[in-house]
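Atoms within a ligand are numbered from 1 in the order they appear, just like the ligands themselves.
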Amino acid sequence: MKLTIVEYPDKRLREKSCEVKDFDDSLHELLDAMNPLMISTNGIGLAAIQVGHPIRALILNIPDEEGEQPPENLLEIINPVMTHKSGETTYQEGCLSVPQFYEDIKRYENIIINYQDRYGNTKTLEANGLLAIAIQHEMDHLEGILFIDKLSYARRKKFEKEYKKMQKERKNSK
Ligand code: QAP
Ligand code: CO
């Protein structure tokens, strides 16, 4: 399966993703294709909608102390629901769908989610730190929300200007 990253301002990123009901080969094929794409593009998290599939599925692989992302650290999260959120933390976020732009975003420090794995088994995960931040960022994608939506009006305007300029430069260098 050949996948490419959908980039802002593509309207598909605004879609609300649908619940996964069939934990079948086509789901596994999609997840299996998302992982190498995420790793090769230096991602730590990727939602299915970012590769054009509007389903409630996301993957994460938070780098370890050595900065490595071994396959055994891959998390596949289907139909997540947040059952606890507390505390506050700020992190300079980026997104594969918004290349070359990073901004401080406020998130919950501690969360608990219920979700399903690729076989439909129900799981619970308690997360904090970067993993909790990444889960919240990716769960926003399922609602059509991007991290740039959380910027102040002034910062968002600055982003739109910089991003347009960057896109022009990228186009010209192709
Ligand atoms: C979401 O983001 C995230 O602009 C995952 O040129 C972000 O993997 C979770 C990336 C921050 C937690 C904290 C972005 C790669 C990757 C870029 C990513 C880029 C190359 C973003
Ligand atoms: Co993102």
Chemist: For the backbone of Tyr163 and the side chain of Tyr8, can you confirm whether one donor and one acceptor N or O come within less than 3.5 Å of each other?
Modeler: no
Chemist: Consider every N or O of Ile133 and every N or O of ligand 1, then say whether any pair is closer than 3.5 Å.
Modeler: no
Chemist: Give yes or no for whether the N/O distance cutoff of 3.5 Å, strictly under, is met between Gln100 and ligand 1.
Modeler: yes
Chemist: Side chain, backbone, both or neither: which part of Glu138 has a heavy atom under 4.0 Å from ligand 1?
Modeler: side chain
Chemist: Which residue and atom name correspond to the protein heavy atom nearest atom 20 (C) of ligand 1, and how close is it?
Modeler: Thr41 O, 3.9 Å
Chemist: Using 4.0 Å as the upper bound for N to carboxylate O, is an ion pair formed by Glu93 and Lys150?
Modeler: no
Chemist: Below 4.0 angstrom from a heavy atom of Leu96, which ligand 1 atoms are there? Numbered from 1 as shown, please.
Modeler: 10 (C), 15 (C), 16 (C), 21 (C)
Chemist: Below 4.0 Å from any atom of ligand 1, is there a heavy atom belonging to Ile105?
Modeler: no
Chemist: Could you tell me, atom by atom, which parts of ligand 1 come under 4.0 Å of a heavy atom of Leu130?
Modeler: 12 (C), 13 (C)
Chemist: Pairs in or reaching into residues 115-130: which pass salt bridge (charged side-chain N to carboxylate O under 4.0 Å, His left out), with residues at least two apart or in two chains?
Modeler: Asp32-Arg118, Glu76-Arg118, Asp117-Lys123
Chemist: Considering only NZ, NE, NH1 and NH2 on the basic side and carboxylate oxygens on the acidic side, decide whether Asp149 and Arg14 come within less than 4.0 Å.
Modeler: yes
Chemist: Going by the atom numbers of ligand 1, which of them fall below 4.0 Å from some non-hydrogen atom of Gly45?
Modeler: 5 (C), 8 (O)
Chemist: Counting from 1, what ligand 1 atoms have a heavy atom of Asn42 closer than 4.0 Å?
Modeler: 15 (C), 16 (C)
Chemist: For ligand 1, note which part of Leu46 has a heavy atom under 4.0 Å away: side chain, backbone, both or neither.
Modeler: neither
Chemist: Using distance alone, determine whether Tyr102 and ligand 1 share an N or O pair under 3.5 Å.
Modeler: yes
Chemist: For residues Phe23 and His28, establish whether the separation of their ring centroids is below 6.0 Å.
Modeler: no
Chemist: Against heavy atoms of Pro99, which atoms of ligand 1 measure under 4.0 Å?
Modeler: 4 (O)
Chemist: Taking only protein atoms, how many N, O or S atoms are found under 2.8 Å from the Co ion (ligand 2)?
Modeler: 3
